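Predicted model only: the values in this text are computed from it and were never measured. When reading the values below, keep in mind they use all heavy atoms of this one structure, side chains included, and skip hydrogens, waters and symmetry mates. Throughout, protein chains are lettered first and strands after them, A, B, ... in sequence-line order, and every chain is numbered starting at 1.
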Protein chains: 2
Amino acid sequence: MQKNSIELDETDRALLTALQKNAYATGQELSDMLNLSASQIGRRRQRLEEAGLIMGYRARLDPARLGLDVQAFVQVQLARHGSDEGASFTRLLSTRPEIISAWTMTGEADYLLRVFCPDLQTLNRLIHEVLLVHRSVSRVHSQIVMDQPKGDAPLPV
Amino acid sequence: MQKNSIELDETDRALLTALQKNAYATGQELSDMLNLSASQIGRRRQRLEEAGLIMGYRARLDPARLGLDVQAFVQVQLARHGSDEGASFTRLLSTRPEIISAWTMTGEADYLLRVFCPDLQTLNRLIHEVLLVHRSVSRVHSQIVMDQPKGDAPLPV
DNA sequence: GGTGAAATCTACCTAGG
DNA sequence: CCTAGGTAGATTTCACC
């Protein structure tokens, strides 16, 4: 098992920020940016990966170009708060590819879902034929995303 | 300028899904997964990048291991809805690294912010000393994330 | 779809504090 | 003894066939 936390110096933070912006930044490019030899960049990078700080590398796609024109946040309230209902609802989440992310919040046992759909009709079908018919869902409120003034900034390391 | 949309076949979709899971998947690995030669994988990949479907590649970090233990969604309502107020608030967003993403929704001119902070105190300071004192902010409501039952699934291509 | 040159990564080695 | 920098073998990518 990895260590829970490791000491990060300024170079580590700069490296993490750079890799959050471009995972394909080459050792030489990073070397120039951070004033450190390419071999040390590789060594630090490996250390950060092994420590679990870097969980992986992903391609970022353009939803609009994929035809995913409707983006929404859906708040779901469960009728009862037993662990049974939660587990059942969590299973439902995993079966729906349109639901990209789901979070539970403090206070009430309700969920916030982030959803991508090709059109409004698909979103409405998801809400009415999937979420609202689930036995423990009591209320659903959805808000369509208009614009994204700030998107996917790097984590503040 | 790139084309607004291109035709995607099943292999393209599988490739996009694979790259969303692992940006460092090698041509040979993808070749085995998709039953296509490595050189064709590279060619398709290049086409998808040039078409703008793939916007980039990013490292994904573990917030907890970075000491970002508090994650929240903050809803902000602006007092007035002029373009001036919006622009001023958008500028504020760009100055705060704790705010990872921001969206505007249909209906009211309010913003949903996704925030990562090291502790509750930092979150409260952000809310009270940064957001609430901004001249056009009228109301702020924040919810702390407890758990993430589904996180960062690939876009449904 | 395949091949070869160019670039990049990674492990090992050497030097300095 | 630990951290930084350099070098060579192995992998991978990319332009061309």
Side-chain angles (χ1 to χ4, degrees), chain A residues 1-62 65-66 152 154-157, chain B residues 1-67 152 154-155 157:
Chain A
M1 184 56 191
Q2 305 103 330
K3 286 166 68 181
N4 264 349
S5 74
I6 62 173
E7 285 306 313
L8 296 178
D9 61 19
E10 274 315 304
T11 306
D12 288 320
R13 292 178 207 281
L15 179 54
L16 288 173
T17 302
L19 289 173
Q20 280 189 93
K21 291 178 187 156
N22 175 21
Y24 278 179
T26 183
Q28 189 55 54
E29 287 168 345
L30 295 166
S31 167
D32 295 340
M33 289 169 61
L34 307 188
N35 288 39
L36 193 69
S37 75
S39 47
Q40 286 299 357
I41 294 284
R43 185 174 301 240
R44 279 176 188 259
R45 193 165 166 167
Q46 194 168 31
R47 189 169 58 91
L48 294 170
E49 284 168 3
E50 282 165 3
L53 273 108
I54 298 177
M55 298 195 295
Y57 300 90
R58 292 192 167 183
R60 200 162 55 102
L61 307 189
D62 184 341
R65 283 215 168 77
L66 289 165
D152 296 315
L155 288 179
V157 292
Chain B
M1 182 54 190
Q2 304 103 331
K3 287 166 68 180
N4 264 348
S5 75
I6 61 174
E7 285 306 312
L8 297 177
D9 61 18
E10 274 315 303
T11 306
D12 287 320
R13 293 177 206 281
L15 179 54
L16 288 172
T17 302
L19 289 173
Q20 280 189 92
K21 291 178 186 155
N22 175 21
Y24 279 179
T26 183
Q28 189 55 55
E29 286 167 345
L30 294 165
S31 165
D32 296 340
M33 289 169 61
L34 307 187
N35 287 40
L36 193 68
S37 76
S39 47
Q40 287 300 352
I41 294 284
R43 187 172 297 251
R44 279 177 188 258
R45 190 165 169 169
Q46 194 168 29
R47 188 169 60 90
L48 295 170
E49 284 169 3
E50 283 165 2
L53 273 104
I54 297 177
M55 298 195 296
Y57 299 91
R58 293 191 166 184
R60 202 163 53 102
L61 307 188
D62 185 342
R65 283 215 168 78
L66 289 165
D152 295 315
L155 288 178
V157 293

Base, sugar-phosphate, or nothing: which does B:Gln28 touch, judged by heavy atoms less than 4.0 Å apart?
-> nothing
Rounded to whole Å, the CG-C1' distance (A:Leu34 to D:dA4) equals 14 Å
Closest to side chain of A:Gln46, choosing from C:dG1, D:dA4, C:dA11 = C:dA11
At under 4.0 Å between heavy atoms, what does B:Leu36 touch on the DNA or RNA strands: base, sugar-phosphate, or nothing?
-> sugar-phosphate
Would you kindly give the OH-to-P distance between A:Tyr57 and D:dT12, to the nearest whole Å?
-> 16 Å
Of A:Ser39 and A:Tyr24, the one whose closest DNA chain D nucleotide lies more 5' | A:Ser39
Measure from CD on B:Gln40 to P on D:dC16 and round the result to the nearest Å.
-> 16 Å
Using whole Å, report how far CD of A:Glu7 lies from P of D:dC2.
-> 17 Å
May I ask you to decide whether A:Arg47 forms a salt bridge with A:Glu50, counting only side-chain N to carboxylate O separations under 4.0 Å?
-> no
Would you mind reading off the distance between A:Asn35 atom CG and D:dA4 atom C1', rounded to a whole angstrom?
-> 14 Å
A:Arg43 side-chain N/O to C:dC9 phosphate OP1/OP2 under 4.0 Å = no
Between C:dC9 atom C1' and A:Arg44 atom CZ, what is the distance in whole Å?
-> 18 Å
Pair A:Arg45 + A:Asp12: basic N to acidic O under 4.0 Å = no
Residue pair B:Leu8 / B:Leu48, side-chain heavy-atom distance below 4.5 Å = yes
Which part of the nucleic acid, if any, lies within reach of B:Ser37 when heavy atoms closer than 4.0 Å are counted: base, sugar-phosphate only, or nothing?
-> sugar-phosphate
A:Thr26 side-chain proximity, nearest of C:dT8, C:dG1, C:dA11 = C:dT8
Are A:Glu29 and A:Tyr24 linked by a side-chain donor-acceptor pair shorter than 3.5 Å?
-> no
NA contact type, B:Arg45, heavy-atom cut-off 4.0 Å: base, sugar-phosphate, or nothing?
-> nothing
How long is the line joining CD1 of B:Ile41 and P of D:dT11, in whole Å?
-> 20 Å
Look at all strands and tell whether B:Gly42 reaches a base, only sugar-phosphate, or nothing, counting heavy atoms closer than 4.0 Å.
-> nothing
Give a yes or no answer on whether the side chain of A:Gln20 reaches the backbone of B:Arg60 with a donor-acceptor pair at less than 3.5 Å.
-> no
